[in-house]
Colleague: 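Starting off with a structure, shown below.
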Amino acid sequence: MTAPLLEADNLSVRFGVGRLTVAALDDVSFTLTPGESLGLVGESGSGKSTVLRAITGLAPLSGGRLRLAGADVATPRRMDFFTAVQMVFQDPYASLHPRHTVDQILAEPLAIHRIPDGEARIVAALREVGLGPSYRFRYPHQLSGGQRQRIAIARALILRPKIVLLDEPTSALDASVQAEILNLLEELRRAFGLAYVLVSHDLAVVAHLCERLIVLRQGRMVEETTAAALRDGSVKADYTRAMLAASKGFARAPAAASIAPARNI
Amino acid sequence: MTAPLLEVEDLRVRFPLAEGTVEAVRGISFTLGRERLGIVGESGSGKSQTGRAILGLTAKPGEVTAERLAFDGVDLMAAPPGLRRSLRGSRMTMVMQDPRYSLNPVMTVGQQIIESYRAHKPVSRREAKQAALAMLEDVRITAPDRVMALYPHELSGGMGQRVMIAMMLITGPELLIADEPTSALDVTVRGEVLRILDQLVSTRGMGLILISHDLEMVASFCDRVLVMYAGKIVEELASGALGEARHPYTRGLIGCLPKLAGDSHPLPVLARDPAWAR
């Protein structure tokens with residue numbers, strides 16, 4: 001049993017004050033060991049992205065405890081936190097600065113963390129994500145969606161983090177490009193011993209990349225299960241089963257175990 | 001055998017740009033009866049431009065040409081703009097991808113539905129309101145009188161998409177083109193919206209063209225599927241016959257999806273053959 005790299009105990013995030021308080025996350029706990037890959041699944045509004053934002057400090061924690069390699073994480077996050085934890089965002093069209101070249105985008109984390117030998121690191125980072133040095137002086141608008149996502153991954157990896165948080169890394173991409181990015185993520189994970197926390201609404205993508213997964217609904221954990229259970233359909237919660245059925249495509253007969261109308265969707 | 005609802009023969013959409021002409025749709029032909037037809041392809045394959053060209057919504061400076069483009073016997077290519085305008089919205093309509101961008105943010109849902117109804121039917125405001133309420137109920141919105149007074153930003157994605165469908169179907173069209181109606185929605189809500197579409201199509205006997213990038217979803221929903229690549233139809237499949245796909249592009253597209261059943265690491269990657277685009 002290896003020591004957990006990241007431990008989250010009873011995380012909760014609340015937005016708003018008084019009567020308008022919304023509990024975006026309520027009592028979410030999990031651990032992540034080095035090299036492991038954990039999936040977070042749920043509908044929009046289930047709080048799956050909020051988990052990642054809470055880890056990185058983009059959403060304020062209103063309760064719970066977060067530990068990285070056994071030590072409590074400080075708020076605001078310190079520099080050394082970001083050398084260990086990096087994030088890749090959903091939309092590669094929005095997460096890269098439109099007026100910075102690829103070179104500037106990749107140089108920024110190196111400059112912030114005062115890492116010498118930037119030139120070589122940038123060329124190496126581009127090679128790692130399968131892009132040649134010819135991409136170095138292009139602007140994001142000169143790249144396709146898949147290439148942009150590769151740049152976003154290179155930016156996350158250039159500091160050699162131990163954990164990479166992936167927020168729907170392929171949902172803005174075409175199916176064929178999604179396959180390339182998923183393969184790249186798997187390769188990089190093997191090469192650098194990375195741990196992933198992957199947020200996705202696509203159960204097949206999560207089962208492909210992760211061994212363990214957590215199902216969230218309205219900020220609460222519904223179930224913690226494994227990809228293997230997802231494959232053979234032995235998941236326990238009704239909600240997970242309904243999601244599994246819905247992801248299999250359209251069935252003309254209305255599903256018997258339709259998802260309970262928790263709200264007027 | 002009645003005449004098909006929609007006949008498309010050698011449809012082409014061109015965009016003359018400074019750096020040369022781009023052909024988005026390059027000679028596609030199909031006919032549509034009162035059935036569910038799916039058009040599948042990746043971004044840039046011309047699937048949305050096909051839908052827009054049929055309705056006459058191609059953005060300037062795009063040019064549409066076709067050997068024949070006929071809706072219920074009416075030649076759309078020769079039809080004057082006035083006739084096309086009167087067809088559009090009343091007999092053929094389109095549901096757009098994202099309700100957040102396609103609904104007017106400063107009008108209530110009710111106002112928008114009533115407006116689209118009265119634009120095509122000479123009815124009083126009160127009658128239009130009754131029709132709008134009934135239509136919202138048809139798309140299974142609970143408490144339609146409450147929803148009528150809401151603004152688009154107060155709706156969830158699934159509710160917004162249902163409002164769009166209600167708005168498009170209130171005039172009783174015969175042809176509905178749905179451009180990625182569910183891609184902005186969660187899988188669980190997706191099933192719900194599809195089921196509503198399915199029911200309305202079968203009870204009203206409409207023709208439906210469902211445009212999507214999601215091959216599996218389309219194949220499980222539609223009677224026939226057209227697969228588009230680089231502006232051309234590369235393959236036509238019957239519903240549920242995905243396994244019989246012959247074209248390497250279709251097979252590649254199916255193969256590169258991660259599957260819940262059966263694991264493949266690494267995923268097969270689609271190798272594009274320039275010959276497909278020829």
Side-chain angles (χ1 to χ4, degrees), chain A residues 41-46 144-146 170-187 190 200-209 217 227-233 239-240 242-255 258-265, chain B residues 40-45 140-143 146-147 155-159 161-162 182-195 197-199 202 213-222 240 249 252-272:
Chain A
V41 188
E43 298 178 50
S44 8
S46 62
S144 69
T170 60
S171 56
L173 306 175
D174 272 326
S176 57
V177 183
Q178 164 172 296
E180 290 168 21
I181 296 293
L182 290 179
N183 286 345
L184 173 71
L185 287 172
E186 267 199 316
E187 249 169 65
R190 220 172 308 129
S200 180
H201 63 269
D202 189 335
L203 289 174
V205 167
V206 170
H208 182 78
L209 216 56
R217 188 186 197 190
L230 212 55
R231 283 180 205 291
D232 60 26
Y239 180 68
T240 319
M243 265 185 84
L244 205 53
S247 71
K248 286 204 172 117
F250 177 72
R252 196 127 280 145
S258 146
I259 290 159
R263 67 208 142 98
N264 196 352
I265 35 179
Chain B
V40 181
E42 294 188 276
S43 349
S45 61
R140 280 194 239 133
I141 282 189
T142 46
R146 185 182 69 87
V147 174
L155 305 174
S156 67
M159 221 151 110
Q161 200 55 276
R162 283 192 241 180
T182 58
S183 2
L185 307 177
D186 285 317
V187 275
T188 45
V189 186
R190 184 182 81 178
E192 191 93 342
V193 169
L194 286 178
R195 209 161 292 127
L197 266 181
D198 183 51
Q199 234 170 36
S202 51
H213 65 273
D214 189 339
L215 187 54
E216 287 189 359
M217 183 271 281
V218 170
S220 61
F221 181 77
C222 294
Y249 175 66
L253 215 51
I254 300 168
C256 69
L257 288 173
K259 307 242 177 353
L260 269 176
D263 213 357
S264 58
H265 295 268
L267 285 167
V269 175
L270 186 64
R272 286 158 208 277

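Sequence lines set the chain letters: A, B, ... in the order given, protein chains first and strands last, and positions in each chain run from 1.
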Colleague: Give a yes or no on whether the backbone of Leu267(B) and the side-chain of Asn183(A) come within a donor-acceptor separation of less than 3.5 Å.
Modeller: yes
Colleague: Rounded to the nearest 0.5 Å, what separation is found between the CZ atom of Arg190(B) and the CD atom of Glu43(A)?
Modeller: 12.5 Å
Colleague: Find out whether Leu182(A) and Pro258(B) are in side-chain contact, i.e. whether some heavy atom of one side chain is under 4.5 Å from a heavy atom of the other.
Modeller: yes
Colleague: Taking C-beta and beyond as the side chain, do Leu244(A) and Leu260(B) meet within less than 4.5 Å on heavy atoms?
Modeller: yes
Colleague: Partners of Glu187(A) by side chain to side chain donor-acceptor pair (under 3.5 Å), sequence neighbours excluded?
Modeller: none
Colleague: Counting only heavy atoms closer than 4.5 Å, note whether Leu194(B) contacts chain A via side chain, backbone, both or neither.
Modeller: both
Colleague: Looking at Arg231(A) and Lys259(B), what are the two nearest heavy atoms and their distance?
Modeller: NH1-O, 3.3 Å
Colleague: On a heavy-atom basis, which atom in Ser176(A) and which in Glu42(B) lie closest, and how many Å separate them?
Modeller: OG-OE2, 2.5 Å
Colleague: Let me confirm one number: the NE2-CG distance from His213(B) to Leu173(A), rounded to the nearest 0.5 Å.
Modeller: 10.0 Å
Colleague: Heavy-atom cut-off 4.5 Å, strictly under: side chain, backbone, both or neither for Ala175(A) against chain B?
Modeller: both
Colleague: Taking only residues two or more places apart in sequence, or in another chain, which ones meet Asp174(A) in a side chain to side chain donor-acceptor pair (under 3.5 Å)?
Modeller: Ser43(B)
Colleague: Checking Gln178(A) against Cys256(B) for the side-chain contact (heavy atoms from CB on, under 4.5 Å) test, could you report, in this order, the C-alpha distance in whole Å, the side-chain angles of both residues, the deciding distance, and whether it holds?
Modeller: CA-CA 8 Å; Gln178(A) 164 172 296; Cys256(B) 69; over 6 Å; no
Colleague: Can you tell me how far the OG atom of Ser247(A) sits from the CE atom of Met217(B), to the nearest 0.5 Å?
Modeller: 13.0 Å
